[in-house]
Amino acid sequence: MLPVPSPTRPTRIRLIAVVATVGLLAGCTGNTGGHGTQQNQSTSSTTSAVGGTPTQSPPSTIAFSDCAGLFNLSAAGIPADRREKLQFSCGQLPVPVDYAHPNGAKLSIEVIRIHYNAQPQRVGSLLVNPGGPGGSGVFLAISLAASLSEDVLQHFDLVGFDPRGVGLSAPIKCQTDAEETKALAFDADVRTAAGQKAAKGQAATFARSCTKKYGSALAHYNTVETARDMDRIRAAVGDQKLNYLGFSYGTELGAVYAHLFPTRIRVAVLDGAVDPVTTGNAITSNEQQLGGFEDAFDQFAADCRKRTACKALGDPRKAVAALQKKANATPIPSSKHSDKRRATGGNVLYAVVSALYSQELWPSLGTALIDAQHGDAEGLLELNDRYSERGDDGHYSNLLDVFQVVTCNDQKSDPSDATIKATAAKWAKKYPLFGLWSAPTLFQCQAWQKSRSPVPTESAAGSAPILVVGNLHDPATPYSGAVHLASTLRTGVLLTWDGQGHTSYGQSSCIDAKVNAYLIQAAIPAAHTTCPR
């Protein structure tokens, strides 16, 4: 896995989507008395542990209030005529810090509800998650309000939430901005004693900082307890059953929900599936992604050779390898006067990975690499900032912090130093562009707190059919993950897109039509359906 996750920041639905895995780098109408009124709430049960005995807790409500003025809706791409038909309301939902003690300490989950004024055939709410872990569902809901079919909006309120630890939901922040900048620049050969020491030291520093700030509560920022939060949200917005749309890591979150609450699902779309076969195993999950990104780079390289503007790069693989070596020896400055950073070899590869999430970014990557060859790293650093959610003021969101916290809390076990060294040697040969650079993150959970919550086997026997969408050429969540997840769920139905980049919905009219029909009518696509590019 790479040191951090990667948000995709091109246009349309994937504006906020982030990577799913530990690696490179995620029909009943509710008891509604009318939109904007306090709903009657169904009771949400919890369990003390996965497979534990359910315990009842009092139903919760969300005191929604208008929040349209808090967001730049025009910049979000919502057309003026559509904005006039939408109501934006926000509120907070208290949930247990520890579901083993549902009446104990609480934290607040930030929730946004976006209502389309004309809903003649309302189904309920559509809960959405962009992935990560660390992505903001609040901002995903806003971007979906701009891009979703009007037909979907006429049937559902969009409900987004910042998962526990993210954004406005009891946010976790373990690193300073300077520390995050240093982490993005990190590039060490862990086959050597010096490289191993540096990687272990960086991971231990992060773990100590998090533990010092959050103590025992840190263990409860994990996928299982976030899935339980989702059930509280479902009940609080008045839905008897869940309607869900999850991207990337959001597929893992949705699959865990389906495992815990199989009879509470009406529809669930899991797009860009995290592979349940490799979940929780740092080496196998990362190796799967490494193969995906190496293949994606070959596709970029082939495209680059065809474009006049990109041909000046020369052989793309050789060019990137040479830039990485050059930048590690003498970091490359930016021509942007306000940016004093210098790009290292780590920054070069982060820029490449960021652009491989979307074919729309390939031209920007080619230009950035050519500029770097001429001594200007501005384009490379901009791609790094897109990846890490760094603002113009130099401040990072807490995406990277949450990613590492949840990753370690979900991880079953930590590889030994010897295993990591041997794996690095293997990856350096098998994945020549990304393998050795990615290996240091195999140390990231060794110093972590030992109270873990591994993701359970994501079987959802007894649930309604769940739609799993897989992209044949997805670099971040390779297609095999969708095949495995559809099978593991028992009720999974696989829908395939022969496309490029990360995730599928919002990029193919064929995929969109089938997903929308499933969301609205619970109509399942025919078996073995593949949408063309």
Side-chain angles (χ1 to χ4, degrees), residues 2 6-12 14 24-25 184-185 187 289-336 339 341-388 428-438 471-476 478 497-503 507-508 532-533:
L2 300 188
S6 172
T8 339
R9 302 298 275 280
T11 57
R12 302 182 70 191
R14 295 179 305 120
L24 290 164
L25 277 317
L184 286 164
D187 189 12
Q289 275 197 322
L290 284 168
F293 277 97
E294 291 280 347
D295 290 346
F297 185 83
D298 287 340
Q299 294 164 21
F300 159 75
D303 178 78
C304 179
R305 293 187 184 99
K306 297 175 184 177
R307 288 186 287 110
T308 302
C310 197
K311 285 181 180 179
L313 184 64
D315 181 290
R317 273 192 177 269
K318 290 181 179 178
V320 170
L323 272 174
Q324 181 190 16
K325 183 177 181 180
K326 174 184 176 181
N328 278 333
T330 307
I332 305 169
S334 169
S335 62
K336 187 175 182 179
D339 193 350
R341 292 175 296 169
R342 289 175 175 261
T344 67
N347 296 125
V348 171
L349 291 182
Y350 267 116
V352 174
V353 165
S354 174
L356 293 181
Y357 274 81
S358 170
Q359 194 170 357
E360 296 170 25
L361 293 175
W362 289 3
S364 297
L365 175 59
T367 300
L369 291 171
I370 292 170
D371 288 347
Q373 286 178 326
H374 293 91
D376 181 8
E378 180 178 2
L380 294 179
L381 292 171
E382 286 179 353
L383 287 169
N384 274 246
D385 294 346
R386 177 187 295 271
Y387 187 98
S388 59
K429 296 178 180 178
K430 191 174 182 179
Y431 310 108
L433 197 60
F434 302 114
L436 192 57
W437 170 63
S438 178
N471 180 345
L472 287 175
H473 307 287
D474 191 321
W497 181 45
D498 184 4
Q500 300 275 1
H502 185 37
T503 73
Q507 302 186 77
S508 159
R533 189 172 304 180

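The structure displayed is predicted, hence computed values, not measured ones.
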What are the two closest heavy atoms between G501 and N471, and how far apart are they? O-ND2, 2.8 Å

Between F300 and C310, which heavy-atom pair has the shortest distance, and what is it? CZ-SG, 4.4 Å

Taking atom CG of L365 and atom CD of E360, what is their separation to the nearest 0.5 Å? 14.0 Å

With rounding to the nearest 0.5 angstrom, report the CG to OG distance, L369 to S364. 10.5 Å

With D303 as partner, the option from K306, R305, Q299, R307 fulfilling side-chain hydrogen bond (donor to acceptor under 3.5 Å, both in side chains) is R307

Where do L433 and L349 come nearest, in terms of heavy atoms and distance? O-CD1, 3.6 Å

Determine, step by step, whether R342 and I332 satisfy the side-chain contact (heavy atoms from CB on, under 4.5 Å) criterion, reporting the C-alpha distance in whole Å, the side-chain angles of both residues, the deciding distance to 0.1 Å, and the verdict. CA-CA 5 Å; R342 289 175 175 261; I332 305 169; over 6 Å; no

Would you call E378 and P333 a side-chain contact if the rule is heavy atoms closer than 4.5 Å? no

Any non-hydrogen side-chain atom of W497 less than 4.5 Å from a side-chain atom of Q507? yes

Mind checking the CD-CG spacing from E382 to L361? Nearest 0.5 Å is all I need. 11.5 Å

State whether R341 and D339 are salt-bridged, where the test is any N-O pair (Lys NZ or Arg NE/NH1/NH2 against Asp/Glu carboxylate O) under 4.0 Å. yes

Would you name the heavy atoms of S508 and P532 that are closest together and state the gap between them? OG-O, 4.4 Å

Between Q289 (side chain only) and A476 (backbone N and O only), is there a donor and an acceptor less than 3.5 Å apart? yes

G346 versus W437, closest heavy-atom pair with distance: CA-NE1, 3.6 Å

Quick one: list whatever passes side-chain contact (heavy atoms from CB on, under 4.5 Å) with Q373, sequence neighbours left out. L313, A319, L323, I370

For a 4.5 angstrom cut-off between non-hydrogen side-chain atoms, does D295 reach H473? no

Taking the inter-plane angle between the rings of F293 and F434 on a 0 to 90° scale, is it parallel (under 30°), tilted (30 to 60°) or perpendicular (over 60°)? perpendicular

Keeping the roles fixed (side chain from S354, backbone from Y350), state whether a donor-acceptor pair exists under 3.5 Å. no

Judged by atom type as modelled, is there a donor-acceptor pair below 3.5 Å linking the side chain of R533 to the main-chain atoms of D498? yes

Side-chain donor/acceptor of W362 to backbone N/O of L356, under 3.5 Å: no

Does N347 use its side chain to pair, donor to acceptor, with the backbone of T344 at less than 3.5 Å? yes

Quick check: does any side chain N or O of D474 sit under 3.5 Å from a backbone N or O of T503, one acting as donor and the other as acceptor? yes

Minimum heavy-atom separation for A343 to A377, with atom names? CB-CB, 3.6 Å

Any side-chain donor-acceptor pair under 3.5 Å between S335 and D376? yes

